[in-house]
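Keep in mind that the numbers below use all heavy atoms, side chains included, and drop hydrogens, waters and symmetry copies.
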Amino acid sequence: MVVTALQDLKYGQWFKGADVDGDGFITQQDVRMMSERYIAARDTAPDSPTARRLTEKMDEFWTNVIAPLDQDCDGKVDLREMTEGFKRALTDPALYPEQIEPVTDCFFDLVDLNGNGKIEQEEFQLMFNSISRVPDEDSAEVFAALDRDGSGALDRAEFHQAVREFFYGNDPDAAANHLFGRATA
């Protein structure tokens, strides 16, 4: 599969959110800081089972997804390395279950604050604002578009569909293009 300009744009937007300290690189510390932001936003104790689970899953995400993109082995991934790595790795949506689904499942469970098996708009906004600094108004608009059945909440299937579309999709009109903030040229 050839990666399109749209995917480059989306990957760049994802990179901006993942480069938490804004130094132009994603490091293991950035990945940890994403976890810490969310734990703080949830008002969860850093040593709670929820916080430990998120930290473990994000460490796995660093080890299994981000660190292998580090072409020069300097412990940090720049935009070029990440984009090239995504172009090599995210070529087949059929690989979603191995590549991205485990982290997505973890986030779904953690974002579902009330444990009802759905992510309400407030929960969605908390996650994307605290982790990727997506403004509330952008989150609200994206949430409304992702809520395909109009229920006022995202079930696990809708959430997975959004993440899959973000990483693998080429539809310029897909709401998931803006999942991690406005992806604009």
Side-chain angles (χ1 to χ4, degrees), residues 3 7-91 95-113 119 123-135 138-139 142 156 159-160 162-168 176-183:
V3 174
Q7 286 173 306
D8 276 340
L9 194 62
K10 292 189 295 184
Y11 296 165
Q13 185 60 35
W14 185 88
F15 183 89
K16 286 180 201 173
D19 177 16
V20 176
D21 61 13
D23 68 355
F25 300 97
I26 301 172
T27 63
Q28 187 169 18
Q29 183 59 31
D30 285 308
V31 174
R32 279 273 172 101
M33 287 190 297
M34 283 190 280
S35 301
E36 291 165 4
R37 278 183 181 174
Y38 188 62
I39 290 165
R42 279 189 64 157
D43 199 23
T44 300
D47 61 346
S48 72
T50 298
R52 284 195 309 271
R53 180 171 177 231
L54 176 59
T55 300
E56 287 169 11
K57 289 295 180 186
M58 290 301 281
D59 283 347
E60 288 175 20
F61 180 66
W62 167 259
T63 300
N64 298 326
V65 178
I66 303 300
L69 305 177
D70 181 9
Q71 296 171 1
D72 58 9
C73 300
D74 63 356
K76 52 191 179 182
V77 175
D78 63 24
L79 179 59
R80 180 193 56 78
E81 288 173 316
M82 190 220 53
T83 301
E84 288 177 9
F86 278 9
K87 287 177 182 181
R88 284 190 312 275
L90 302 179
T91 58
L95 296 176
Y96 176 82
E98 297 103 45
Q99 293 177 321
I100 300 176
E101 187 172 300
V103 173
T104 303
D105 275 334
C106 178
F107 269 101
F108 184 92
D109 293 341
L110 293 166
V111 173
D112 179 15
L113 295 172
I119 297 174
E123 295 168 327
F124 183 85
Q125 285 180 223
L126 175 65
M127 176 180 66
F128 285 101
N129 183 281
S130 63
I131 293 175
S132 299
R133 303 290 192 223
V134 176
D138 291 350
S139 289
V142 170
R156 191 174 298 268
F159 191 64
H160 275 293
V163 173
R164 185 179 294 110
E165 175 61 37
F166 179 85
F167 283 105
Y168 299 97
N177 292 342
H178 308 292
L179 188 59
F180 297 98
R182 289 246 170 252

So Thr83 and Gln7, side-chain contact (heavy atoms from CB on, under 4.5 Å) or not? Walk me through it.
CA-CA 9 Å; Thr83 301; Gln7 286 173 306; over 6 Å; no

Do [X] and [Y] have side chains that get closer than 4.5 Å, going by heavy atoms?
X      : Y      : answer
Leu179 : Phe124 : yes
Asn177 : Leu9   : no
Tyr96  : Val163 : yes

Residues in salt bridge (Lys or Arg N to Asp or Glu O under 4.0 Å) contact with [X], at least two apart in sequence or another chain:
X      : result
Asp138 : Arg182
Asp74  : none
Lys76  : none

I would like to know whether Glu81 and Asp72 meet side-chain contact (heavy atoms from CB on, under 4.5 Å); could you show each step before the answer?
CA-CA 9 Å; Glu81 288 173 316; Asp72 58 9; 3.2 Å; yes

Quick check: closest heavy atoms across [X] and [Y], and the distance to 0.1 Å?
X     : Y      : result
Asp8  : Lys87  : OD1-CE, 3.0 Å
Met34 : Gly17  : SD-O, 4.3 Å
Ile26 : Met82  : CD1-SD, 4.4 Å
Asp19 : Phe25  : OD1-O, 2.8 Å
Ala51 : Pro46  : CB-O, 3.3 Å
Pro97 : Pro102 : O-CD, 3.3 Å

side-chain hydrogen bond (donor to acceptor under 3.5 Å, both in side chains) partners for Asp30, two or more places apart
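Partners of Asp30 by the side-chain hydrogen bond (donor to acceptor under 3.5 Å, both in side chains) criterion, ordered by chain and then number, come out as Thr27.
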
For Arg80, check side-chain hydrogen bond (donor to acceptor under 3.5 Å, both in side chains) against everything at least two apart and list the hits.
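In terms of side-chain hydrogen bond (donor to acceptor under 3.5 Å, both in side chains), with neighbours along the sequence ignored, Arg80 is linked to Gln71, Glu84.
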
Report the distance from atom [atom1] of [X] to atom [atom2] of [Y], rounding to the nearest 0.5 Å.
X      : Y      : atom1 : atom2 : result
Ser48  : Ile39  : OG    : CD1   : 6.5 Å
Ser35  : Arg53  : OG    : CZ    : 12.0 Å
Asp23  : Gln29  : CG    : CD    : 10.5 Å
Arg52  : Thr55  : CZ    : OG1   : 9.5 Å
Ile119 : Asp109 : CD1   : CG    : 8.5 Å
Met33  : Gln28  : CE    : CD    : 11.5 Å

Any ion pair linking Asp105 and Arg156 (charged N to carboxylate O, less than 4.0 Å)?
yes

Walk me through whether Tyr168 and Gln99 qualify under side-chain contact (heavy atoms from CB on, under 4.5 Å).
CA-CA 11 Å; Tyr168 299 97; Gln99 293 177 321; 2.5 Å; yes

Looking at Asp112, is its backbone amide N or carbonyl O close enough to the side chain of Glu123 to form a donor-acceptor pair, meaning the two atoms are under 3.5 Å apart?
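No, because the side chain of Glu123 does not come within donor-acceptor range (under 3.5 Å) of the backbone of Asp112.
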
Can you confirm whether or not the ring centre of Phe166 sits under 6.0 Å from the ring centre of Trp14?
no

For a quick test of your reading: what N or O donor-acceptor pairs under 3.5 Å do the side chains of residues 60-69 make, sequence neighbours left out?
unit_1: Thr63; atom_1: OG1; unit_2: Asp59; atom_2: O; d: 3.0
unit_1: Asn64; atom_1: ND2; unit_2: Glu60; atom_2: O; d: 3.3

When you look at Thr44 and Tyr38, which way does the side-chain contact (heavy atoms from CB on, under 4.5 Å) test go after all the steps?
CA-CA 9 Å; Thr44 300; Tyr38 188 62; over 6 Å; no

